[in-house]
J.: 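Starting off with a structure, shown below.
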Amino acid sequence: YEEFRLYKNGKVEQKNFEDGTFQHIGNLYLAEGQSIFLELDALNPWEIDLNKPGDITQYIIVHKNERSHKITWAGHDGEGPDGLQAFFANTRRTVRELR
């Protein structure tokens, strides 16, 4: 399992599933982080109502102030709005490079 947190300032954390904490693993370049958030905003995640877990479940959780919204799908099924799977794969690849 992998879970990452990405902040608007470019900070990236990875979850330690043994104790539930997140550890800082690096920082994205400012333009890189801004690009990810612009792409996410274009997907309009607050309007995506998708909760279809599967054998290999993928998810994105967005937070704004005290609100949060989770989008869950079975990655191999190709479910979800156009661009969601590509966004997920590109973002995951980018943050994995920090390890």
Side-chain angles (χ1 to χ4, degrees):
Y1 298 106
E2 292 179 314
E3 185 174 326
F4 298 97
R5 283 185 184 165
L6 174 59
Y7 296 87
K8 286 200 173 191
N9 66 3
K11 179 180 176 181
V12 179
E13 298 175 334
Q14 183 171 13
K15 186 173 186 174
N16 176 339
F17 283 94
E18 291 179 13
D19 63 12
T21 62
F22 282 83
Q23 284 89 36
H24 179 252
I25 62 168
N27 293 298
L28 298 174
Y29 290 109
L30 184 59
E32 200 172 28
Q34 288 175 341
S35 175
I36 288 171
F37 279 96
L38 285 173
E39 189 177 346
L40 178 62
D41 287 344
L43 289 171
N44 200 9
W46 295 99
E47 300 300 319
I48 299 173
D49 184 19
L50 183 61
N51 183 18
K52 293 186 178 180
D55 292 340
I56 301 174
T57 299
Q58 298 177 335
Y59 60 91
I60 296 172
I61 303 171
V62 290
H63 296 274
K64 187 172 188 176
N65 300 324
E66 299 298 317
R67 294 177 45 208
S68 67
H69 179 63
K70 186 174 184 177
I71 305 163
T72 306
W73 70 99
H76 61 280
D77 290 342
E79 288 284 337
D82 291 341
L84 182 65
Q85 184 64 37
F87 170 79
F88 181 87
N90 292 337
T91 302
R92 181 176 57 187
R93 184 174 33 259
T94 299
V95 298
R96 279 179 169 174
E97 291 174 359
L98 294 174
R99 295 189 289 183

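Start at 1 with the first residue, then count along the sequence.
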J.: Report the distance from atom CG of Leu30 to atom NZ of Lys8, rounding to the nearest 0.5 Å.
T.: 12.0 Å
J.: Return the NZ to CH2 distance between Lys52 and Trp73, rounded to the nearest 0.5 Å.
T.: 13.0 Å
J.: To the nearest 0.5 Å, how far apart are CZ in Arg96 and CD1 in Ile25?
T.: 10.5 Å
J.: How close do Val12 and Phe4 get, heavy atom to heavy atom, and via which atoms?
T.: CG1-CD2, 4.3 Å
J.: Does the side chain of Thr94 reach to within under 4.5 Å of the side chain of Leu6, using non-hydrogen atoms?
T.: no
J.: In Å, rounded to the nearest 0.5 Å, how long is the span from CD1 of Ile71 to CD1 of Ile60?
T.: 5.5 Å
J.: Would the distance check show the side chain of Thr91 and the main-chain N or O of Phe88 forming a donor-acceptor pair, the cut-off being under 3.5 Å?
T.: no
J.: Would you say Asp49 has more than 12 foreign heavy atoms packed within less than 6.0 Å of its CG?
T.: no
J.: For Ala74 and Pro53, which heavy atoms make the closest approach, and how far apart are they?
T.: CB-C, 4.2 Å
J.: For Ile61 and Ser68, which heavy atoms make the closest approach, and how far apart are they?
T.: CG2-CB, 4.3 Å
J.: If you measure from CG on Leu98 to NE2 on His24, what distance do you get to the nearest 0.5 Å?
T.: 8.5 Å
J.: Of all heavy-atom pairs between Glu13 and Phe22, which one has the smallest distance, and what is that distance?
T.: OE1-CB, 3.6 Å
J.: Go through Leu84 and Leu50 one step at a time and tell me if the side chain to side chain contact (heavy atoms under 4.5 Å, CB included) criterion holds.
T.: CA-CA 11 Å; Leu84 182 65; Leu50 183 61; 4.2 Å; yes
J.: Do the rings of Phe17 and Tyr1 sit parallel, tilted or perpendicular, given the 30° and 60° boundaries?
T.: tilted
J.: Show the nearest heavy-atom pair for residues Trp46 and His63, with the distance to one decimal.
T.: CZ2-C, 4.1 Å
J.: Measuring from Tyr7:OH to Leu28:CG, what's the distance to the nearest 0.5 Å?
T.: 13.0 Å
J.: Mind listing the closest non-hydrogen atom pair of Ile36 and Phe87 along with its distance?
T.: O-CE1, 3.4 Å
